[in-house]
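Worksheet for the structure shown next.
Order of the sequence lines sets the chain letters (A, B, ...), proteins ahead of strands, with each chain counted from 1. Here the structure is a predicted model, which is why all the values come from computation and not from measurement.
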Number of protein chains: 2
Amino acid sequence: MQLTERQRQILRHVVEEYLRSGRAVGSKALLERVSLGVSPATVRNDMSVLEALDFLTQPHTSAGRVPTEHGLRYYVQYLMEEGELTPEEQLMIRHQFRQVEQQVPSWLKLAASVLADTSGNVGLVTPPRARVERLRHFELISLRPRVVLLVLVTQSGAIHQSLLDLAEPLEQERLSALSRVLNPELRWLDRQAIERRASGAEPLVALVLRRIAEALRFIEQQQRSELYAEGLEYVVRQPEFAQAQLAQVLLEVLRGGMLLTWLLPRLDPSEGVRVLIGSDLALRELRPFSLVLSSYRSGADVTGWLGVLGPQRMAYARAIAAVRFLSSVVSELMSELSGEPEWEGVR
Amino acid sequence: MQLTERQRQILRHVVEEYLRSGRAVGSKALLERVSLGVSPATVRNDMSVLEALDFLTQPHTSAGRVPTEHGLRYYVQYLMEEGELTPEEQLMIRHQFRQVEQQVPSWLKLAASVLADTSGNVGLVTPPRARVERLRHFELISLRPRVVLLVLVTQSGAIHQSLLDLAEPLEQERLSALSRVLNPELRWLDRQAIERRASGAEPLVALVLRRIAEALRFIEQQQRSELYAEGLEYVVRQPEFAQAQLAQVLLEVLRGGMLLTWLLPRLDPSEGVRVLIGSDLALRELRPFSLVLSSYRSGADVTGWLGVLGPQRMAYARAIAAVRFLSSVVSELMSELSGEPEWEGVR
DNA sequence: GGCTAGCACTCGAGGAGGTCGAGTGCTAAG
DNA sequence: CTTAGCACTCGACCTCCTCGAGTGCTAGCC
């Protein structure tokens with residue numbers, strides 16, 4: 001069954017009033033804010049149609065209407081006016097990114113902060129992640145005669161360090177020579193290729209290669225388990241959180257990493273900004289929340305996620321604008337760091 | 001005026017009962033839990049003495065007693081039985097540190113998590129910080145013909161990367177030669193020495209040196225502004241946070257960095273574990289909280305802080321044990337990474 | 001002189017009852 | 001199809017009341 005234009009307008013205003021105030025919206029109160037040229041009784045009739053179609057619901061008999069998840073989805077898809085961040089905001093944000101250290105973790109943390117600040121909800125960002133992580137470059141740095149620091153940089157821009165204990169002392173000169181020889185050979189190899197190369201090599205080289213492979217594994221694992229979250233203070237401030245129980249749920253979900261291990265792997269990164277409302281999140285605990293989500297690109301075949309998480313009653317238009325803009329900013333920044341050959345051609 | 005032994009025992013039991021239940025403790029209820037060989041009336045008399053001396057207070061006329069800040073301080077200093085984490089816990093914790101990546105940020109994050117988990121409050125950890133940061137080693141890695149990644153490691157174990165745009169293309173071979181020449185010369189120099197060395201050098205060298213100096217500045221700044229906090233979910237669960245307002249205060253204080261900029265710089269790192277209760281924290285917003293704090297060492301002249309933050313009603317003995325143990329574990333780990341000459345002698 | 005039994009008093013928690021107002025559905029008329 | 005009118009519902013909020021844990025004080029006991 002099709003909605004009439006007036007019903008669509010009523011739905012839109014109910015949703016917007018609800019997002020603003022957090023309270024159930026009644027027919028009379030609605031007409032005090034917006035004029036529809038009809039009486040409260042007419043609005044009530046349309047509201048009861050909308051209720052029958054599961055767009056609206058009543059918390060109790062004598063209360064106003066509240067949008068259902070279905071109603072919110074319809075609003076986001078068909079009724080909401082999308083917007084962009086103002087040019088001043090965009091400038092401010094770009095400026096902030098120029099201020100911080102030019103490295104991936106700083107960018108991700110800042111991106112989460114900015115998402116939180118501009119949307120007034122929790123900002124979430126995952127690290128960039130390659131389908132298979134490849135070595136870009138490694139260096140060996142002598143700390144003490146038999147202790148060496150291995151530093152390596154990967155395709156996705158991750159930097160990793162680990163300590164090696166040597167059987168016998170080695171000078172920096174020898175270490176440098178080793179990395180000079182091995183680097184060209186290992187460039188763009190993945191973990192498995194490096195492991196294969198390790199078997200049969202002389203002991204020192206084998207040690208280094210095995211530790212590089214191990215580091216790549218660590219990095220891949222970390223990329224799957226790390227999540228930058230900022231702005232909890234905004235969400236806790238919402239009236240929904242008055243009993244503080246929701247806040248606890250939220251903290252536990254974020255810490256437990258259920259989003260990362262369960263939800264994100266099931267989504268297609270190529271789809272642009274999407275809005276997941278309540279049960280879309282497929283986690284009972286997250287039922288009262290919504291997530292506005294987008295992927296970002298960081299070189300060919302390397303992507304990450306970023307989004308805004310808040311109560312179902314969130315300012316969707318604003319969150320979507322923030323997510324869309326940040327996605328493009330982060331993608332730009334990341335591809336500067338990127339350096340794999342395929343990607344150079346694309347730019 | 002001196003407390004009698006019985007008064008000290010009563011104070012101890014009131015504090016412990018209050019820490020356990022969070023409710024005001026009355027004379028009769030106290031005697032139901034512990035036997036002191038006297039009647040409630042006697043306990044009441046002693047309680048009123050303790051109240052006159054500002055160890056206890058009454059929330060309202062007909063309620064039991066609650067310890068004051070002064071009473072808590074006395075308890076922590078003279079009455080509390082200190083303990084250690086059990087050997088099993090210690091083993092578990094050491095095991096966890098072996099599981100994660102062997103690098104500073106992972107350790108710090110894990111330390112904050114462990115503090116939170118073992119104490120049931122917020123765990124806080126600051127990065128290690130040298131009075132003046134010195135260069136240990138740097139490398140130049142060619143990403144694209146005219147874009148170079150500068151990676152450097154400092155005395156305190158911080159790793160930093162930044163991007164350099166070159167005026168003209170340079171091959172990896174040339175870059176490696178450059179770092180081979182410059183590294184021995186720059187080792188253990190601080191920012192100002194490197195800046196001095198930059199003036200008058202040929203353009204390419206000057207560029208690199210200036211960027212290294214800049215990176216050191218960035219790192220010093222970050223060490224002053226970064227704070228790892230974990231375990232908010234525990235604190236939010238406390239009954240004190242039922243109205244969710246405290247949670248908001250806490251989140252804002254943590255994000256605002258007031259602890260870092262205001263409180264920590266005024267403390268002496270050499271003092272061992274200390275307990276700051278309520279107004280000791282010198283921040284109005286933190287009045288309802290307590291902080292158990294210790295420094296850790298990471299090589300000569302390099303120290304950081306770690307601690308447990310929670311409501312005044314926290315399990316102090318446990319928090320102190322956790323902080324003390326983690327301080328020693330983190331100190332050990334850090335000094336493995338450390339490599340400055342003075343420190344090698346000390347070990 | 002310290003300890004205790006007894007007692008009157010205080011005050012918050014929590015339940016019962018009552019009012020108010022925002023909101024609804026229904027009906028009948030325009 | 002719209003609207004005015006009306007009876008009805010129900011949560012929010014206030015007041016009143018009771019209950020019980022806890023106190024301080026006093027007088028008597030060891």
message: I need the minimum non-hydrogen distance between A/Arg12 and A/Tyr75, along with the two atoms involved.
response: CG-CE1, 3.8 Å
field: Sole candidate of A/Leu11, A/Thr42, A/Leu30 that passes side chain to side chain contact (heavy atoms under 4.5 Å, CB included) when paired with A/Met47
entry: A/Leu30
task: Please check the phosphate of C/dC3 (OP1 and OP2 only) for any side-chain N or O of B/Arg6 closer than 4.0 Å.
output: yes
query: Of all heavy-atom pairs between A/Val292 and A/Ala319, which one has the smallest distance, and what is that distance?
result: CG2-CB, 3.9 Å
statement: Only one of B/Val43, B/Asn45, B/Asp46 passes side chain to side chain contact (heavy atoms under 4.5 Å, CB included) with B/Val38, and that residue is B/Val43
- request: Kindly check if the number of other-residue, nucleotide or ligand heavy atoms within 6.0 Å of CZ (A/Arg20) is above 12?
  value: yes
query: Heavy atom of residues 34-46 of chain B under 4.0 Å from DNA chain D: which residues?
result: B/Arg44
task: Please determine, for the side chain of A/Lys28, which listed nucleotide (C/dT24, D/dT9, C/dG23) has the closest atom?
output: C/dG23
message: Check this for me, if you would: do B/Arg73 and B/Asp280 make a salt bridge, where the nitrogen-to-carboxylate-oxygen distance has to be below 4.0 angstrom?
response: yes
B/Ile10 CD1 to C/dG2 P, straight-line distance once rounded to whole Å: 15 Å
- prompt: Between atom CD in B/Glu32 and atom C1' in D/dA21, what is the gap in whole Å?
  reply: 10 Å
The helix from C/dG1-D/dC30 to C/dG30-D/dC1: angle between end helix axes, five pairs per end, rounded to 10 degrees: 20°
Euclidean distance, atom CZ of residue B/Arg33 to atom P of D/dG22 [Å, nearest integer]: 13 Å
- prompt: 5'-most contact on DNA chain C: B/His60 or A/Gly26, nearest heavy atom basis?
  reply: B/His60
task: Write down the distance between CD (B/Glu17) and P (D/dG22), rounded to a whole number of angstrom.
output: 10 Å
Nearest-nucleotide pick for A/Thr61, side chain only, options being C/dC11, C/dG25, D/dC10: D/dC10
For the student: nearest non-hydrogen atoms of A/Arg8 and A/Leu79, plus distance: O-CD1, 3.7 Å
Mutual orientation of the aromatic rings belonging to B/Phe55 and B/His70 [parallel < 30°, tilted 30-60°, perpendicular > 60°]: parallel
field: Contact summary for B/Val125 and B/Ala112, nearest pair of heavy atoms
entry: CG2-N, 3.6 Å
- prompt: Using a cut-off of less than 4.0 Å, is there contact between a side-chain N or O of B/Arg65 and OP1 or OP2 of D/dT23?
  reply: yes
